[in-house]
Amino acid sequence: MDKGLRQEQEHLDSILETITEQISKLEGETDQHRKEVVNIRKNFWDEVKVNTDSFDDYLETIISLRQQAQELSVSQSSHKQASKRLSTLQRMQEIPYFGRIDFTEEGTSEVERFYIGVSTLTDASGENFLIYDWRAPISSVYYDYPPGPAEYDTPGGVVGGVLDRKWQYIIRDGVIESMFDTSITIGDEILQHVLGKGTDKHLHSIVSSIQQEQNQIIRYDKGRLLIVQGAAGSGKTSAALQRIAYLLYKYREWLKADQIILFSPNAMFNSYVSRVLPELGEENMQQVTFQEYLSHRLGDSFQLEDTYGQLEYVLTAKDEPSYQTRTANIRFKASLRYFEIIKAYRQSLESSGMIFKGMKFRGKPIVTAKQITERFYSSNSSLRFYNRLEKLTEWLNERIDETEKVELTKPWVQEEIELLSKDDYQKAYTYLQKKHGYTEESFDDYERESKLLSRMLVRKKLKPLRESIKMLRFIDMKGIYKQLFANPLQINMWIDGNRPKKWEDICLLTVKMLDEGKLFYEDATPFLLLKELIQGFQTNVSIKHVLVDEAQDYSPFQFEFLKRLFPSARMTVLGDFNQAIFAHASEMADFHTLKGLYGADETHTINLTRSYRSTKPIVDFTRGLVSGGEQITAFERDGVVPVLTQVSNRDELHHCITSKIAELKGRQYNTIAVICKSAAESSIAYDALRGIDEMKLVKSGSIEYEQGVVIIPAYLAKGIEFDAVIIYDASVEVYGNESLRRLFYTACTRAMHHLQLYSIGKPSSFLLNAATGSFIQN
């Protein structure tokens, strides 16, 4: 061991000793705080003097309760903070730091050493920093500059100076295995080490290998909207998750994890990325799919098609008579033009067109739909739409009050009272006592008792109607949305220019689905928007930051909706239009459309063109599959050239795949994916390959990302990477349509180390675009 490495090892040993001491101290504190919490909970009521005889006694009781609750809260908070710090220190025992910069601040001659790690570490006094958190201002120098002039932002202003040297470390089990003095942003040695490893079932943090362009994403915090357009494998998702950790660190006084929400492509992806923030000592943000949100809002009213159901139809139903109509429907209802139509239609409802449901009680009308409509449009038209609805609900509640008075005298009420069992009677008494303070004396008089029970019974029966009025269920939302399509010529009232292609057929198709109680995926967001515009938007102002991954799969319509849903939030969107596989992709050919969402001044775009996921031979092959692929650059990581094997039939295909998987397992690959075009093809492949040990079929409802051998549709593999990928059938018969080019590209770019393609018969013409020599055909 040379002198420099020995000195660095001695420094590391000293750091590890400090960490061990702090862990020992925190273990004692954590245990003490835990005991305090348990003790307070156990003896909570023993410490509270409950006395309500007088107002002063009552006040003293309240104060005592608050004191005990506050003491419990402080102890719980102390325990939580100590446990969190203990967990961080235990992780730091494995790798205390991964980098170091030697920096001379402007105006001084002293060279300072700054060690960079996943968290801050100070000495016993708490005044001297031994390790700086990778999110600290000074740490940006490590990611952004080669040796030479450098600067970094601090709350007090910009600090300039000279970066003299930059070191990178590979540490394992308390030993420095390697250290590099590098003159580039992050040394290739570190990236080779990180990227050359096999995958597991979770994505991990990349703080030791963040690149300069990724660091821009992480630390950007100026405008309302950050757009990240990045090639497959460029680290978009990883950078976005580190961005969340950075924001939670920088704004820790006012930003919490539950104020950040990530819209991810599917539930399996949520599982895949679930470890990144905890690795960095932060709590996970809220994670949801847009489909889950739609199901939450509309699932009780409709049989709702999901996003993958729509895509599966587009991929497999080309021979169906209504296919052209359906794809035209998808494209139009994803557009900003349709968004404007919905708004114009809602505006027209100010003067006519609202549809209501009548209200009945015990089979008899209280008020008819016609009466509600007349009342709504006869009210003061100068009132705002929402105020008119409020007036209408007041009027409907008055009708319920009148009904209550009438029903009290009806024979059915006495009949039900007489049928009350002893238990029911006791429950009724208890209810009235609690709700209205009635006493036993109130029940001594038969006539008075009968009146009390009658009122309680009738009110209970009318409660669902009152609840329905409160929730505005008397508005026939399905009927109002259906009305848009009832007469194809009506659209001329709300549209500028020509009607959409196949509009008459679209109208017939939409009405048919609504009559069946179903809602296409492309209708779900427009329906919800119209509902919100009529009933009032259910905005969420507590969310401060929204991240949208695989943003190219969202329509302009959906982005406008998200903007309204989270009015107080900043937004980060991440996507790659070479992976835009949905039928509505043509409505947002790039992210330029989004620049109008918050305005050009509030929008910033970062392009990532370097791909890190795959080996150089795989990137050289895949970039030839898509238009503009020449702009994608590969990280210099060696590997085997992709192979295309042509077979004559399915039996031969399945034999080859079985042999290939056995070979790949022998190479110790943890994750091997057989990627198919659709769920239908995946099911065929799974049935044929059942003999392979521990092979799993991934479906749209799968919750957890699995290791081992999986068979998966290409659209579910988005955002995930595998050690080895096998393209099940890359033939012209399967991938013959130009619309499938991006899906094919998406499937191939999932491979990190090995890519094998099979073709039953003639291969897809997409392969003709691949660079000569970028794959081997046999």
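All residue numbers in this chain count up from 1 along the given sequence.
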Using the ring of Phe635 (Phe, Tyr or Trp, six-membered ring only), decide whether Lys616 places NZ or CZ under 6.0 Å from its centre and within 45 degrees of its axis.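 Ring-cation test returns no.
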Aromatic Tyr115 / basic Arg113 pairing, under 6.0 angstrom, 45° off normal: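 No, cation not above the ring by the 6.0 Å, 45° rule.
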Pairwise distance [atom1]([X]) to [atom2]([Y]) - rounded to 0.5 angstrom:
{"X": "Ile116", "Y": "Trp134", "atom1": "CD1", "atom2": "CH2", "answer": "11.5 Å"}
{"X": "Leu241", "Y": "Leu547", "atom1": "CG", "atom2": "CG", "answer": "8.0 Å"}
{"X": "Thr122", "Y": "Gln22", "atom1": "OG1", "atom2": "CD", "answer": "5.5 Å"}
{"X": "Gln214", "Y": "Leu608", "atom1": "CD", "atom2": "CG", "answer": "6.5 Å"}
{"X": "Ser614", "Y": "Arg637", "atom1": "OG", "atom2": "CZ", "answer": "7.0 Å"}
{"X": "Leu5", "Y": "Met179", "atom1": "CG", "atom2": "CE", "answer": "6.5 Å"}

Taking the side chain from [X] and the backbone from [Y], do they hold a donor-acceptor pair closer than 3.5 Å?
{"X": "Glu151", "Y": "Val162", "answer": "no"}
{"X": "Thr154", "Y": "Gly156", "answer": "yes"}
{"X": "Ser140", "Y": "Pro137", "answer": "yes"}
{"X": "Lys166", "Y": "Gly99", "answer": "no"}
{"X": "Gln287", "Y": "Ser264", "answer": "no"}
{"X": "Asp723", "Y": "Asn670", "answer": "yes"}
{"X": "Ser611", "Y": "Ala232", "answer": "yes"}
{"X": "Lys544", "Y": "Ile260", "answer": "no"}
{"X": "Arg243", "Y": "Tyr220", "answer": "yes"}
{"X": "Ser238", "Y": "Gly235", "answer": "no"}

Tested for ring pair (Phe, Tyr, Trp, His ring centres under 6.0 Å) against Phe559, the lone hit among Tyr598, Phe591, Tyr554, Phe263 is Tyr554
Check step by step if side chain to side chain contact (heavy atoms under 4.5 Å, CB included) holds for Val710 and Phe722. CA-CA 10 Å; Val710 298; Phe722 304 91; 3.9 Å; yes
What closest approach, in Å, do [X] and [Y] show between heavy atoms, and which atom pair accounts for it?
{"X": "Ile19", "Y": "Leu89", "result": "CG2-O, 3.6 Å"}
{"X": "Lys256", "Y": "Leu248", "result": "C-CD2, 3.6 Å"}
{"X": "Gln259", "Y": "Leu255", "result": "OE1-CA, 3.4 Å"}
{"X": "Met285", "Y": "Leu262", "result": "CE-CD2, 3.9 Å"}
{"X": "Ala150", "Y": "Val141", "result": "CB-CG1, 4.0 Å"}
{"X": "Arg610", "Y": "Gln211", "result": "NH1-OE1, 3.9 Å"}

Side chain to side chain, [X] and [Y], heavy atoms closer than 4.5 Å:
{"X": "Glu177", "Y": "Ile171", "result": "no"}
{"X": "Leu121", "Y": "Pro96", "result": "no"}
{"X": "Tyr97", "Y": "Ile15", "result": "yes"}
{"X": "Met92", "Y": "Ile131", "result": "yes"}
{"X": "Leu225", "Y": "His604", "result": "no"}
{"X": "Thr603", "Y": "Leu597", "result": "no"}
{"X": "Leu86", "Y": "Glu27", "result": "yes"}
{"X": "Lys236", "Y": "Asp576", "result": "yes"}

Going by atom types only, do Arg91 and Ser119 share a side-chain donor-acceptor pair under 3.5 Å?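 Judged by distance alone, the side chains do not pair up.
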No-hydrogen, no-angle side-chain donor-acceptor test under 3.5 Å, Thr104 and Asp164: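 A donor-acceptor contact under 3.5 Å links the two side chains.
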Exceeds 12 heavy-atom contacts within 6.0 angstrom, atom CD of Glu106: no
Could you please spell out the steps behind the side chain to side chain donor-acceptor pair (under 3.5 Å) verdict for His754 and Arg667? CA-CA 11 Å; His754 192 98; Arg667 296 189 196 181; 3.3 Å; yes
Is [Y] paired with [X] through a side-chain N to carboxylate O contact shorter than 4.0 Å?
{"X": "Arg100", "Y": "Glu8", "answer": "yes"}
{"X": "Lys718", "Y": "Glu550", "answer": "yes"}
{"X": "Arg219", "Y": "Asp221", "answer": "no"}
{"X": "Asp133", "Y": "Arg135", "answer": "yes"}

Show your reasoning for whether side chain to side chain donor-acceptor pair (under 3.5 Å) applies to Thr615 and His753. CA-CA 6 Å; Thr615 61; His753 311 297; over 6 Å; no
Could you go through Asp102 and Leu163, starting from their C-alpha distance and side-chain angles, then the distance that decides it, and tell me whether this counts as side chain to side chain contact (heavy atoms under 4.5 Å, CB included)? CA-CA 6 Å; Asp102 297 349; Leu163 174 58; 5.7 Å; no
Which is it for Arg613 and Glu721 under the side chain to side chain contact (heavy atoms under 4.5 Å, CB included) test, yes or no, and what are the steps along the way? CA-CA 8 Å; Arg613 172 186 297 136; Glu721 54 195 26; 3.1 Å; yes
Do Phe98 and Tyr169 pass the ring pair (Phe, Tyr, Trp, His ring centres under 6.0 Å) test, and can you show the C-alpha distance, the side-chain angles, and the key distance before you say yes or no? CA-CA 5 Å; Phe98 51 79; Tyr169 303 87; 9.2 Å; no
In sequence, state the C-alpha distance, the side-chain angles, and the governing distance for Tyr246 and Tyr249, and then conclude on ring pair (Phe, Tyr, Trp, His ring centres under 6.0 Å). CA-CA 5 Å; Tyr246 171 75; Tyr249 172 84; 7.3 Å; no
Evaluate the side chain to side chain contact (heavy atoms under 4.5 Å, CB included) criterion for residues Leu26 and Arg85: first the C-alpha distance (whole Å), next the side-chain angles of each, then the deciding distance (0.1 Å), finally the verdict. CA-CA 8 Å; Leu26 267 173; Arg85 182 58 184 165; 3.5 Å; yes
Once you measure the plane-to-plane angle for Tyr293 and Phe561, does it fall in the parallel (<30°), tilted (30-60°) or perpendicular (>60°) bin?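 Rings of Tyr293 and Phe561: tilted, as their planes differ by 30° to 60°.
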Checking Asn266 against Thr289 for the side chain to side chain donor-acceptor pair (under 3.5 Å) test, could you report, in this order, the C-alpha distance in whole Å, the side-chain angles of both residues, the deciding distance, and whether it holds? CA-CA 6 Å; Asn266 51 58; Thr289 67; over 6 Å; no
